[in-house]
Amino acid sequence: MLTINPVRSRPVLASLERLIGPQRADRLRRAAAEIQDRLHGGTLWHVNSTPTGGGVAEMLRTLLPLYDELGVRSRWAVVSGDDAFFRITKRLGVALYGSDGDGGPLGPAEREAYLRALKPAADRLVQKVDSRDVVILHDHQTAGLVPSLAGRVASVHWRCHVGVDEPTDAAERGWDFLTELLDEVDSLIFSVADHVPARLRDRTVLIQPPFISPFDAKNVDLPADTVRACLAQCGLDPAGAPARSPLLLETAAGDVRLQSTPSVISDGGHQLGEPLITQVSRWDRLKDMAGVLTAVTDHVPVGHLALVGPDPAAIADDVEQGFWYADCLDHWRKLSPAQRRRVSLICLPMADPTENALLVNAVQRASDVVVQKSLAEGFGLTVSEAMWKSRVVVGSAVGGIRAQITDGVDGFLLTDPADLRGLGQIVAAVLSDATDRQEIGERAHRRVRDDFLPDREVTTTASMLASERM
Ligand code: UDP
């Protein structure tokens, strides 16, 4: 099926313009005018497979209201399917990240089932679009819409947020599944140049890194007592526990009611003043939460580790999250009692995206070091989010993270993502030097301001559409 996701947000354009300065603001407005011009009164569509959770949904939640303010008509459509559809798309996603996953096939029968599941969404979308519209489809869940849309709209673009640094047989199987579906797209958009597979390099390709929104509840500045209340809600720093619940918190992104209780596994919890190490991620093999747990408990002598992810029971489009959460919990149970006290597993409620975002914001902000130990990554939004908060991020040197962090300057890269001792050593060194932490954190913030804010998305989209006309 297909649903239109209505997005509401406060105006952000004026604040964004203040942040990026007059020259960039001018470029942004010109870019929006070019996109409008190209649409001739039509609509710019973004299509993905989930309204909340994950990087694409995060970006669209910011982008659509911004387009609105800039006078560009845009809409966000979400496709959904049955369990079989999401099983196939999960397998496909894992393959595009270079792994065999459940080892199941991705042959003609799976492609047929995938296209059959997408058909109602394709039919509905075809009824909604017109010939002036431009459609940007996100990731493998939506690639099957291309054949229905091609020729019916002004242009169709497919944006890939995943990929591998080195080709693998599994990734090639993923591309075997997708390539034919992409025959008729006007252009392909990747986050990372290295992720463009050899077979698509002669096509029109745009490299467009994702961005974060500084005005979203995920990233706005928070007063210290708001951070404390959110931490307490997550079972961290219990001394800051709120007096009552639900708690209404005022933030620059609006008032947020803290009313859902995260499900927290901990054995004593984080104590006031104890260094906080976190990783915020989906529960996914490629995020390697269990690896972070082992690296910290075995190789970092101080500090409390918070592993934070969505409540797996609330995620419809990613059926494996429950499995990887259980795997992490199993690792936690096997720790010694003293080690167990140093780790909290936190599953955040997903019902209210703003509340979820605020909790992520507070935990990132309160962290002394943020880890992103991905085994593969398109572009780690969590990395830029934490850098924006002037945190020191230690990320694996994979995928887009290599472009997001300049090693030793505005964060640290872990050359071999499997190196648990190496990760522990970097984290311990960061925790031991507060001055260095502050300087690196400041450079991290500037880096995100310069390169990863939403105006970049609008200007690169305008260039993409302009080059199409030639
Ligand atoms: N995220 C969230 N709640 C969670 C876990 C993650 O809102 O419990 C957000 C996170 O802050 C980031 C996005 O989900 O904005 C994840 O994007 P990223 O690019 O890091 O990874 P992806 O999940 O897309 O692979």
Side-chain angles (χ1 to χ4, degrees), residues 48-63 89-90 93-94 96-97 138-141 159-163 191-192 195 209-214 216-220 230 233-234 253 256 260 262-264 278-289 306-315 317-318 320-321 324-325 328 344-365 367 370-389 391 393 395-396 398-401 403-405 448 452 454:
N48 81 326
S49 67
T50 175
T52 54
V56 178
E58 287 297 316
M59 285 180 13
L60 296 183
R61 204 144 62 93
T62 299
L63 187 62
T89 56
K90 181 73 196 183
V94 169
L96 295 174
Y97 268 128
H138 292 266
D139 279 336
H140 45 285
Q141 296 92 343
R159 181 159 180 180
C160 181
H161 296 266
V162 301
S191 301
V192 181
H195 288 179
F211 60 86
I212 63 148
S213 167
D216 187 86
K218 174 74 59 71
N219 296 308
V220 284
C230 292
Q233 194 83 352
C234 295
V256 184
S260 331
S263 118
V264 180
T278 57
Q279 176 164 297
V280 177
S281 281
R282 288 181 292 112
W283 304 100
D284 189 293
R285 187 185 75 81
L286 294 173
K287 307 291 183 182
D288 198 15
M289 295 281 229
L307 295 174
V308 183
D311 174 1
I315 307 292
D317 74 332
D318 191 349
E320 283 185 11
Q321 292 215 40
W324 291 108
Y325 172 69
C328 205
S344 301
L345 307 188
I346 301 170
C347 292
L348 298 181
M350 300 301 289
D352 176 354
T354 313
E355 181 188 37
N356 179 280
L358 181 67
L359 294 172
V360 169
N361 184 346
V363 173
Q364 288 173 331
R365 222 166 258 289
S367 301
V370 172
V371 175
Q372 190 58 55
K373 192 193 168 301
S374 304
L375 303 177
E377 193 64 76
F379 184 95
L381 276 184
T382 48
V383 169
S384 295
E385 288 162 4
M387 289 172 75
W388 175 251
K389 293 161 188 121
R391 301 298 91 194
V393 181
S396 302
V398 294
I401 298 178
Q404 292 174 267
I405 295 175
V448 177
F452 303 124

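Note that the numbering runs from 1 along the sequence shown for the chain. The analysis underlying the following values was restricted to heavy atoms, covering all of them including side chains, and did not include hydrogens, waters or symmetry mates. Order of appearance sets the numbers: ligands from 1, and atoms from 1 within every ligand.
- In this structure, the protein non-hydrogen atom closest to atom 14 (O) of ligand 1 is Gly54 N, 3.6 Å.
- Annotation: atom 18 (P) of ligand 1 to nearest protein heavy atom, Leu381 N, 3.5 Å.
- Looking at Asn356, Val363, Asp139, Val383, it is Asn356 that brings a heavy atom closest to atom 2 (C) of ligand 1.
- For Lys287, the heavy-atom gap to ligand 1 drops under 4.0 angstrom.
- Ligand 1 has at least one atom lying under 4.0 Å from a heavy atom of Val280.
- Any N or O atom pair closer than 3.5 Å counts here, and Val56 shares no such pair with ligand 1.
- Note: Phe452 and Phe379 have perpendicular aromatic rings, judged against thresholds of 30 and 60 degrees for the angle between ring planes.
- Ligand 1 places these atoms under 4.0 Å from at least one heavy atom of Pro310: 4 (C), 5 (C), 8 (O).
- Using a 4.0 Å heavy-atom cutoff, Gly309 is listed among the residues neighbouring ligand 1.
- Gln404 and Ser384 share a donor-acceptor pair across their side chains, judged by distance under 3.5 Å alone.
- The N/O atoms of Gly55, backbone and side chain alike, include one that comes under 3.5 Å of an N/O atom in ligand 1.
- Contact of the Tyr97 side chain with the Leu375 side chain is not registered, since no non-hydrogen atoms from C-beta on lie closer than 4.5 Å.
- Under 3.5 Å, the side chains of Gln372 and Ser281 contain a donor-acceptor pair of N or O atoms.
- Here the side chain of Arg61 pairs no donor or acceptor atom with the backbone of Thr52 at under 3.5 angstrom.
- At the shortest separation from atom 12 (C) of ligand 1 among protein heavy atoms lies Glu385 OE2, 3.3 Å.
- When all heavy atoms of Ile212 and Trp388 are compared, the pair lying nearest together is CD1-CB, 3.5 Å.
- Remark: ligand 1 and Val360 share no N or O pair separated by less than 3.5 Å (distance only, no angle test).
- A donor-acceptor contact shorter than 3.5 Å links the side chain of Ser396 to the backbone of Ser374.
- Remark: the backbone N or O of Leu348 is not paired with any side-chain donor or acceptor of Glu355 at under 3.5 angstrom.
- Judged by distance alone, the side chain of Asn356 and the main-chain N or O of Met350 form no donor-acceptor pair under 3.5 Å.
- A donor-acceptor pair under 3.5 Å is absent between the side-chain atoms of Asp139 and the main chain of Gln141, judged by distance alone.
- Residue contacts with ligand 1: Ser281 is placed with no nitrogen or oxygen under 3.5 Å of a nitrogen or oxygen of the ligand (distance criterion only).
- Close approach to Leu348 involves these atoms of ligand 1, each under 4.0 Å from a residue heavy atom: 8 (O).
- Where the criterion is an N or O separation shorter than 3.5 Å, residue side chain and backbone included, Arg282 meets it with respect to ligand 1.
- No donor-acceptor pair under 3.5 Å is formed between the side chain of Glu377 and the backbone N or O of Val398.
- Of the polar atoms of Val308, none of the N or O atoms is found under 3.5 Å from an N or O of ligand 1, judged by distance alone.
- Every atom of ligand 1 with a heavy atom of Phe379 under 4.0 Å away is listed here by number and element: 19 (O).
- Nearest protein neighbour of atom 9 (C) of ligand 1, counting heavy atoms only, is Lys218 NZ, 3.6 Å.
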